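Please read the structure below before turning to the comments.
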Protein chains: 2
Amino acid sequence: MGAGKAREIFFAYIKDKGLRNTKQREEILDAFLSAGKHITVDDLYNILKKTDQAIGYATVHRNLKLMCECGLADEIKVGSNKTRFEQKYGHEHHDHLICLKCGRFIEVHDDKIERLQEKLSEANDFVAQRHKLEIYGLCKKCR
Amino acid sequence: MGAGKAREIFFAYIKDKGLRNTKQREEILDAFLSAGKHITVDDLYNILKKTDQAIGYATVHRNLKLMCECGLADEIKVGSNKTRFEQKYGHEHHDHLICLKCGRFIEVHDDKIERLQEKLSEANDFVAQRHKLEIYGLCKKCR
DNA sequence: TTTGATGTTGATAATTAATATCAATACCAT
DNA sequence: ATGGTATTGATATTAATTATCAACATCAAA
Ligand SMILES: [Mn+2]
Ligand SMILES: [Mn+2]
Ligand SMILES: [Zn+2]
Ligand SMILES: [Zn+2]
């Protein structure tokens with residue numbers, strides 16, 4: 001898997017910024033890279049607690065932010081719920097179908113939609129930088 | 001304008017639910033209907049304060065929620081900012097281009113995109129109920 | 001018109017998530 | 001090895017939303 005490369009990017013970024021490597025930082029990075037997608041700070045905190053009783057919530061939060069900073073992670077906010085983080089390295093841009101019943105996230109991509117969004121922006125003299133497309137409904141299992 | 005019809009819907013809903021008509025409720029309704037779009041509770045509260053010194057924040061909040069309930073208003077959450085409310089009655093579905101510099105909301109609609117979203121959902125055995133498409137970037141004035 | 005059951009209001013408290021603070025500690029360049 | 005400083009973890013703060021509740025207003029019924 002590409003986890004090795006992701007780690008490299010993280011440690012290179014840390015060094016470059018004059019930051020330091022710590023036991024916690026490495027634990028958090030690894031836990032994040034091997035965790036499922038669309039994870040919350042709480043989720044990751046609880047996973048880490050199992051192997052490091054002393055880990056602090058704020059530390060997990062801070063380091064998830066750091067991973068976003070260096071391009072490894074992406075913050076996604078859906079609905080009014082808490083912020084979720086997903087892996088960015090080695091993952092193409094995608095949008096989400098979100099099940100209102102079970103909360104499942106289905107990752108989707110449609111080039112046509114992406115292109116039409118760009119056209120729509122241009123038609124409005126707007127320079128698009130990023131976008132968010134979320135479709136809420138019921139997944140196969142929940143109908 | 002259709003504000004008269006919107007008022008009718010509101011009062012009909014209230015009566016139907018065994019709720020009561022109050023001075024505040026009517027003030028809030030009218031202020032909302034004549035206010036600009038994408039307004040926050042704060043915005044509306046401050047507008048109302050000018051003509052009704054005694055109005056309470058919670059009352060404004062509660063009644064905006066009530067307007068959503070009866071289909072007159074829609075709640076939109078963009079980024080991590082506070083919830084905004086927009087008029088729904090007499091307004092077609094639309095998406096938003098949001099300027100990262102001035103905060104302007106540009107309302108847009110593209111039937112092709114809407115149809116492709118539907119197709120995309122079907123292709124994933126997903127029954128779409130609603131969606132959110134927000135494109136962030138820079139508006140004409142802010143470049 | 002009076003009345004009373006109950007919905008509403010406005011002030012304030014509670015809740016929740018995100019972030020700031022800070023003293024103790026750990027890292028790492030020299 | 002060690003000192004300057006980044007990091008940690010506990011806790012406080014902030015900010016937005018929602019809940020609580022006593023005082024009050026509404027409106028259907030008498
Ligand atoms: Mn995803
Ligand atoms: Mn709008
Ligand atoms: Zn589901
Ligand atoms: Zn702008």
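From a predicted model like this one, the values you see are computed outputs, not experimental measurements. We use all heavy atoms of the structure for the numbers below, so side chains are in, but hydrogens, waters and symmetry mates are not. By convention in this document, chain letters (A, B, ...) are assigned in the order of the sequence lines, proteins followed by strands, and residues within each chain are numbered from 1.
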Could you tell me how far apart A:Asn81 (CG) and D:dA16 (P) are, to the nearest whole angstrom? 18 Å
In terms of heavy-atom contacts, does NZ of A:Lys49 have more than 12 from other residues, nucleotides or ligands at under 6.0 Å? yes
Tell me if a side-chain donor or acceptor on B:Arg84 pairs with a main-chain N or O of B:Val78 at a distance below 3.5 Å. no
Here's a test for you: under side chain to side chain contact (heavy atoms under 4.5 Å, CB included), which of A:Ile28, A:Ile39, A:Val60 qualifies with A:Ile47? A:Ile39
Quick check: does any side chain N or O of A:Asp110 sit under 3.5 Å from a backbone N or O of A:Lys112, one acting as donor and the other as acceptor? yes
What side-chain donor-acceptor pairs closer than 3.5 Å can you find for residues 50-59 of chain A, not counting sequence neighbours?
{"from": "A:Thr51", "atom 1": "OG1", "to": "A:Leu48", "atom 2": "O", "distance (Å)": "3.3"}
{"from": "A:Asp52", "atom 1": "OD1", "to": "A:Ala54", "atom 2": "N", "distance (Å)": "3.0"}
{"from": "A:Asp52", "atom 1": "OD1", "to": "A:Ile55", "atom 2": "N", "distance (Å)": "3.4"}
{"from": "A:Asp52", "atom 1": "OD2", "to": "A:Lys23", "atom 2": "NZ", "distance (Å)": "3.2"}
{"from": "A:Thr59", "atom 1": "OG1", "to": "A:Arg62", "atom 2": "NH2", "distance (Å)": "3.1"}

Pairs where residues 20-39 of chain A contributes a residue and the test ring-ring contact (aromatic ring centres under 6.0 Å, His included) is met, not counting sequence neighbours: A:His38-A:His96, A:His38-A:Phe105
After noting the C-alpha distance and the side-chain angles of A:Leu44 and A:His61, does the key distance pass the side-chain contact (heavy atoms from CB on, under 4.5 Å) rule? CA-CA 9 Å; A:Leu44 200 57; A:His61 175 267; over 6 Å; no
Name each donor-acceptor pair under 3.5 Å that joins a side chain in residues 135-143 of chain A to protein atoms two or more places apart or in another chain, with its distance.
{"from": "A:Tyr136", "atom 1": "OH", "to": "A:Glu134", "atom 2": "OE1", "distance (Å)": "2.5"}
{"from": "A:Lys140", "atom 1": "NZ", "to": "B:Asp125", "atom 2": "OD2", "distance (Å)": "3.4"}
{"from": "A:Arg143", "atom 1": "NH2", "to": "B:Asp125", "atom 2": "O", "distance (Å)": "3.2"}

5′-ward residue of the pair B:Arg25/A:Lys82 relative to DNA chain C: B:Arg25
In residues 62-78 of chain A, what residues come within less than 4.0 Å of DNA chain D, judged by heavy atoms? A:Arg62, A:Asn63
Side-chain donor-acceptor pairs of residues 66-75 of chain B under 3.5 Å, sequence neighbours excluded:
{"from": "B:Glu69", "atom 1": "OE1", "to": "B:Tyr13", "atom 2": "OH", "distance (Å)": "2.6"}
{"from": "B:Glu75", "atom 1": "OE1", "to": "B:Lys65", "atom 2": "NZ", "distance (Å)": "3.0"}
{"from": "B:Glu75", "atom 1": "OE2", "to": "B:Lys65", "atom 2": "NZ", "distance (Å)": "3.4"}

Apply side-chain contact (heavy atoms from CB on, under 4.5 Å) to residues B:Arg25 and B:Ile14 and explain how you reach the verdict. CA-CA 10 Å; B:Arg25 197 154 263 174; B:Ile14 281 179; 3.4 Å; yes
With sequence neighbours excluded, tell me which residues meet side-chain hydrogen bond (donor to acceptor under 3.5 Å, both in side chains) with A:Glu26. A:Arg7
Verify, without hydrogens or angle tests, whether B:Lys132 (side chain) and B:Lys77 (backbone) share a donor-acceptor contact under 3.5 angstrom. yes
Tell me which residues in residues 35-54 of chain A lie within less than 4.0 Å of DNA chain D, going by non-hydrogen atoms. A:Ala54
My understanding is that only residues two or more places apart in sequence, or in another chain, count here; which of them pass side chain to side chain contact (heavy atoms under 4.5 Å, CB included) with A:Asp95? A:His93, A:Val108, A:Glu114, A:His131, A:Leu133
Passes side-chain contact (heavy atoms from CB on, under 4.5 Å), A:Phe126 versus B:Ile106? Steps please. CA-CA 9 Å; A:Phe126 190 86; B:Ile106 300 168; 3.9 Å; yes
Only counting residues at least two apart or in another chain, list the ones meeting side-chain hydrogen bond (donor to acceptor under 3.5 Å, both in side chains) with B:Lys82. B:Asp42
Grab the N/O contacts between the protein and nucleotides 26-30 of chain D below 3.5 Å, and write none if there aren't any.
{"from": "D:dT26", "atom 1": "O3'", "to": "B:Asn21", "atom 2": "O", "distance (Å)": "3.4"}
{"from": "D:dT26", "atom 1": "O2", "to": "B:Arg20", "atom 2": "NH1", "distance (Å)": "2.7"}
{"from": "D:dC27", "atom 1": "OP1", "to": "B:Asn21", "atom 2": "N", "distance (Å)": "3.0"}

For chain B and DNA chain C, what are the first and last nucleotides along the strand, 5' to 3', with at least one atom under 4.0 angstrom from a heavy atom of the protein chain? C:dA5 to C:dA11
At 10 degrees resolution, what angle do the end axes of the helix from C:dT1-D:dA30 to C:dT30-D:dA1 form when each is taken over five base pairs? 20°
